[in-house]
Each structure stands twice: as structure tokens, then as C-alpha cells.
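Inspection log for the structure reproduced underneath, given as C-alpha cells.
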2 protein chains.
Amino acid sequence: MIEAERLSSALEDYLETIYELVRHQKVARVRDIARARSVRAASVTPAMRRLADLGLIRYEKREYIDLTPQGQREAQRVVSRHQALTRFFKNVLKIPVKTAEGDACAMEHSLSAEGMDHLVRFIEFVHNCPEGARLLDVFHACVLAQHQPEASCQRCPMGQPGKAEEHRAVPLSAIDVGAQVLVRRIAADGAMRDRLLDAGLLPGEIVEVVRVAPGRVRFDLRRGGFELRLTGDEARAVLVAPPERNP
Amino acid sequence: MIEAERLSSALEDYLETIYELVRHQKVARVRDIARARSVRAASVTPAMRRLADLGLIRYEKREYIDLTPQGQREAQRVVSRHQALTRFFKNVLKIPVKTAEGDACAMEHSLSAEGMDHLVRFIEFVHNCPEGARLLDVFHACVLAQHQPEASCQRCPMGQPGKAEEHRAVPLSAIDVGAQVLVRRIAADGAMRDRLLDAGLLPGEIVEVVRVAPGRVRFDLRRGGFELRLTGDEARAVLVAPPERNP
DNA sequence: ATCACCTGTTAGCCAAGACTAACAAAACCA
DNA sequence: TGGTTTTGTTAGTCTTGGCTAACAGGTGAT
Ligand SMILES: [Mn+2]
Ligand SMILES: [Mn+2]
Ligand SMILES: [Mn+2]
Ligand SMILES: [Mn+2]
């Protein structure tokens, strides 16, 4: 029983797998663990030896595998992180359950205690507070409805004119000559996204609109000393924070 | 220039580091990269060779290191994930900036495209929608104010009686005999948290209150066929969803 | 010109965590 | 009881990504 420095993600996943297996199938065999983790049985054996050395599992050659009390504690820590993160991805971000599980299981090992804690509180808050639930509904309607946010959000104040206007992310195509704006997001996929990011239009960058062609079919920008030229389509895909309107 | 299957997190981080270095210091030397990533220079050289083989950086022995266009594109993808996640942890979850950066830099490699996309939309939404911003303020006041959520949330409907009541997570200590409840969260740290998780009180579990000692100083529960007994303090630390009140 | 220092490279080592192929033990079946 | 199948272990290999120690190339000071 060697002292545990910090469990690697692989070992944490083995522990988690064993936990779920004994929970559901009553016993955990090498074979089950291998299948659950999509590895070969030959990879499981040495992992079991390591976990046994750490005092986290009871493991005798060719016998059923079981968690020690300490291993159980450790496994539960991992599982509860896994569940919380899954809930977040599934219920808040509305990711398909399989992807949500995958993302959760990848993140569960690296998230700081503080990050984890606040995330759990956030999930709880947004689920339990009726107002939070309402907001979440609006968000889901927006996100799920369509992928051009400047056109969506009918139920959300973001879609209304007036006070909300100044908080809204607007397409670069709507910006006037001379304004400096902050890039918020690139609303494009694939080749166009690549091209735009390639040109240095990263979220957080500040760009200035230098010139706009008649009919707004071409936009000349300046970013950090360099000029670049966008087509109208490209400019529509660059979402920016509108410039401050100080009279 | 070999075909890129999928970059490892280590290589993505090297790429990211180079990107930031050329962005800020104009040149990236092995020494700078080593310092930025907290590794020895001897570890950097082979990584550079691999990145060069993948066609992502320009690297001649003992020369300054630079990104190829393809490398730049790849690096920007990583950087923009890094930034989005950092924003989430910092601005939404209110994690200290250093921890936020750490969490973001660990997650940025594993999050699915869909997860990333929805998360970015969520951040945007909650920042741009005035109502979202208000809710976020309430959340921050709750989370930052204190760590016993059943006592906090004065400004939030969660703290008010009436309709909100039924959505609230309540301490197990407030539950009546015979009720079945869903464990939401363990509001305890250290040894007590361990003890409770140890006893199987994981979020998602269903427990039944079997018996309550006079003065509510001891709670007997049943979970999945097993009985367990909690002290009053312990029962107060177990936050549960209250049972449905169907008359 | 030479020496010292800084930087980067090489060689050689290690651990983790996967794999295949070969082998061994149990269980099952006839 | 003896053969067959299932299951698990072992041995040996590979890649990744670290490390230290030794070495090499360049730059500047004396
Ligand atoms: Mn995992
Ligand atoms: Mn997991
Ligand atoms: Mn990273
Ligand atoms: Mn990063």
C-alpha cells in the first residue's frame, strides 16, 4: 500500500469503471473492465496491479475485483464529478447524452476543486431557482432554434431594440467606418471559419473598420497594424461587440 | 510533413505557447517555450521536431521558431478555446484568474466541438442578455456570499417562501419520516464529506427517511436495501430534492 | 586569441499506458 | 474424464513525454 501522490486519469477511470460495475453487475471481472473502457484485457491486468499497490482495490490473481473502503471513497469522488459535469453538459448546454458523458469523463480529472464546486453550485442554482429555469428555457430556445444568433432570440430581450441593443453582439457587417470593435465570436464553420481565424480575427482581438465598399460588399479592416479585406458574407460571420456610443 | 491524425494535448500546448510568444515577444526560442511550459529545454527540442514533421512549425536547428500557416490555424483554434473556457471560469463561475486559466488549459484539449460551441453561445448569451446578466449577478451574490446555500439567496427567489419552495434543495434534516428524496449535493468538506460519500450518499441516489430520533438528533435512512444512521450535523449537510407533494 | 557563459542538442534513462502474441488456468461439456 | 472454450496473465514492443548529464556552437569580454 504505497502513498497516493495523485491518481492519473487512466487510473481514476479504472476506479470509476470498477465502481459502476460492482454497483450494477455485482462483480467486476477483468473482462468487463476491459470492455467498458474499450481496452484489451492485457492492459487491465497491470492497471489492477497498480491500483492494488495503492491500496484502492482488492485484487488477487484471477479473482473478482473489489474496491477497498479507500478506493470506494476515491471512486465516489470521481463519479460525483462525472455526474455533475454530465448534468451540466446535458441539462444546461443541451449536449446529446453520449457526447455529454464523453466530455464529462474527459474533464472530470483535471478540473480544480474550486471550478468543480462553483460549477455544481451553478447547476443547482439554475435548476432550482425558478427564474434561472426560465432563463435556461430561453437560452435553449435560442441555441437550439438556429445558429445565426443575430436572427434568433425572439423571446429573449437580446432580440428586442432599445436598451438591450448596446449589449448585443452584432455582425461586423453592421459596423460603420471608423469604429473600433471587439471580436466576440466567429459564427462560421469549416473553411470560412478557418479563413477568418487565419486572418487573425480571434475573439478578444480589436479591429477597426477602415473602409466599406459601396453596397457593403467589401470591408477593409485594420488589426494590429495590418490591413485585411473581408467579403460581405465573411463580415456577417464575424460577431463583434458594438463600439461604445459616447456622445 | 506527415498527415495529422489528432494532436496530443502536449503538442497543442506547445503550439499555443509558440503562438503566444511570437504574438508578444516577436520571437519564440526554445528557452522561452521551456520556461512558459515549465519543462526543461531538452524536452522542447524533440517536441519541436515532431511539430515540424507535422508541418505546423518552421524549425531549423538553433534558429528561431515560427508557425507555418497551417500551424497558425491550429494554434488559433486552441487559443480561442482556451480564451472561451477561461472567460467561462472567470466571468461566469468567478474562479480566480490563475485557476481559471489552469482549468481552461486542461479542458481545451478534450471538449467536443458541440460542447465547445454550446458553451461559447452560453457565455455570450449570459453576458449579452440583460436578464442573463442580472441572473448572473444574483448567482454571484449567492455563491460568493456564503457556502451554505440553504441560508443564502436573499435576493433570489430561491430564498423566498411560496412557489419557489418546491424547487429548493433542502437539507435532509428537514425531511419527514417516510419520505423518499433525491440526493442533490453534499454541502461539506474534508472528513465529513468523505464519510457521507462513503456511506453512499452520492448525488443522484434516492434515500428514504426511516426513522428520526426525538429532537431530530439522529436520522435513520435506507438506501438501496441498506440502512444507515446520520447525526443531525450530517443530515444538515446532505442537500436533497424535497419529495413530491401529491395530495 | 582565448576563456567563460549562455543556449540548444544529443544521448540515455524512465514511467505510463496502450498493443499483440503466446501461454496458463478454469469452466464447460460431452 | 478429457477436450474445448472462455478468461486472465505474461512477455515483449511501442509511443509519448518527461528527466539528467554531457556536449556543442556562438557571443562577448578580456
Ligand atoms: Mn474519465
Ligand atoms: Mn467518468
Ligand atoms: Mn492546454
Ligand atoms: Mn491553453
Side-chain angles (χ1 to χ4, degrees), chain A residues 2-18 21-22 25-66 71 74 78 102 105-106 108-110, chain B residues 2-18 21-22 25-66 74-75 78 102 105-106 108-110:
Chain A
I2 295 150
E3 217 16 82
E5 168 114 344
R6 170 75 201 286
L7 237 33
S8 71
S9 357
L11 290 189
E12 280 190 348
D13 278 343
Y14 277 114
L15 223 47
E16 195 189 0
T17 303
I18 296 167
L21 283 172
V22 301
Q25 263 88 62
K26 286 298 167 205
V27 291
R29 294 171 301 168
V30 167
R31 197 156 173 283
D32 306 322
I33 298 170
R35 207 180 19 158
R37 292 224 46 215
S38 305
V39 297
R40 300 293 150 142
S43 308
V44 174
T45 308
M48 294 307 104
R49 233 196 320 269
R50 260 177 298 147
L51 286 176
D53 285 349
L54 291 165
L56 298 172
I57 63 172
R58 239 183 312 280
Y59 169 62
E60 298 295 333
K61 258 193 205 175
R62 283 167 204 280
E63 298 296 324
Y64 290 148
I65 291 157
D66 201 4
E74 211 62 49
V78 181
C105 205
E108 72 199 358
H109 314 287
S110 55
Chain B
I2 297 151
E3 219 12 85
E5 169 114 342
R6 172 77 200 285
L7 281 184
S8 70
S9 357
L11 289 189
E12 281 190 347
D13 277 343
Y14 277 116
L15 223 49
E16 195 189 359
T17 303
I18 295 168
L21 283 171
V22 302
Q25 263 88 64
K26 286 297 168 204
V27 292
R29 293 172 300 169
V30 168
R31 201 160 169 279
D32 305 323
I33 299 169
R35 207 179 18 159
R37 294 223 45 217
S38 305
V39 297
R40 298 295 149 141
S43 307
V44 174
T45 307
M48 295 305 105
R49 230 192 328 265
R50 260 179 299 150
L51 286 176
D53 286 349
L54 291 166
L56 298 173
I57 63 171
R58 239 185 309 281
Y59 169 62
E60 298 295 333
K61 260 192 202 174
R62 282 166 206 280
E63 300 296 323
Y64 290 147
I65 293 158
D66 201 3
E74 211 62 48
V78 181
C105 207
E108 71 199 357
H109 313 288
S110 55

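The sequence lines fix the lettering, A, B, ..., with proteins before strands; numbering per chain opens at 1. Keep in mind that what you see is a predicted model, and the values were worked out from it rather than measured.
- Contact between the side-chain N/O atoms of A:Ser43 and the OP1/OP2 oxygens of C:dC19 is found at a separation under 4.0 Å.
- Computed from coordinates, the A:Glu60 CD to C:dA26 C1' distance equals 17 Å when rounded to whole Å.
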Side chain to side chain contact (heavy atoms under 4.5 Å, CB included) evaluation trace for B:Ile33 with B:Met48: CA-CA 10 Å; B:Ile33 299 169; B:Met48 295 305 105; 4.1 Å; yes

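- A 4.5 Å side-chain heavy-atom check between B:Tyr59 and B:Thr45 finds at least one atom pair inside the cut-off.
- Atom pair B:His109:NE2 and D:dT16:C1' shows a separation of 15 Å (rounding to whole Å applied).
- Comparing B:Ala42 and B:Arg50 along DNA chain D, the residue whose closest nucleotide (by nearest heavy atom) sits nearer the 5' end is B:Arg50.
- Put simply, CG on B:Asp53 is 14 Å from C1' on D:dT16, counting in whole angstrom units.
- Taking the side chain as every heavy atom from C-beta outward, B:Asp13 and B:Glu108 approach each other to under 4.5 Å.
- Nearest to the side chain of B:Ala10, among C:dT9, D:dG8, D:dG18, sits D:dG18.
- Across C:dA18, D:dG17, D:dG8, the shortest atom-to-atom separation from the side chain of B:Ser8 is found for D:dG17.
- For A:Tyr14 and C:dA18, the shortest distance from a side-chain N or O to OP1 or OP2 is below 4.0 Å.
- Rounded to whole Å, atom C1' of D:dG8 lies 11 Å from atom CZ of A:Arg49.
- Between A:Arg62 and A:Ser38, the one whose closest nucleotide on DNA chain C sits nearer the 5' end is A:Ser38.
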Worked check of side chain to side chain contact (heavy atoms under 4.5 Å, CB included) between A:Val44 and A:Arg37: CA-CA 9 Å; A:Val44 174; A:Arg37 292 224 46 215; over 6 Å; no

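- At whole-Å resolution of the value, CZ in A:Arg6 and C1' in C:dA16 are 15 Å apart.
- Going from atom NZ of A:Lys61 over to atom P of C:dA26 covers 11 Å, rounded to whole Å.
- In this structure, the CZ atom of B:Arg29 is 16 Å from the C1' atom of D:dG25, given to the nearest Å.
- Considering A:Ile65, A:Leu56, A:Asp66, A:Asp32 in turn, A:Ile65 is the only one that fulfils the side-chain contact (heavy atoms from CB on, under 4.5 Å) rule with A:Ile18.
- The listed nucleotides are D:dT9, D:dT20, C:dA18; the one nearest the side chain of B:Arg40 is D:dT20.
- Close to D:dT9, at under 4.0 Å from its OP1 or OP2, lies a side-chain N or O of A:Tyr59.
- Remark: C1' of D:dT5 and CZ of A:Arg31 are 12 Å apart, rounded to the nearest angstrom.
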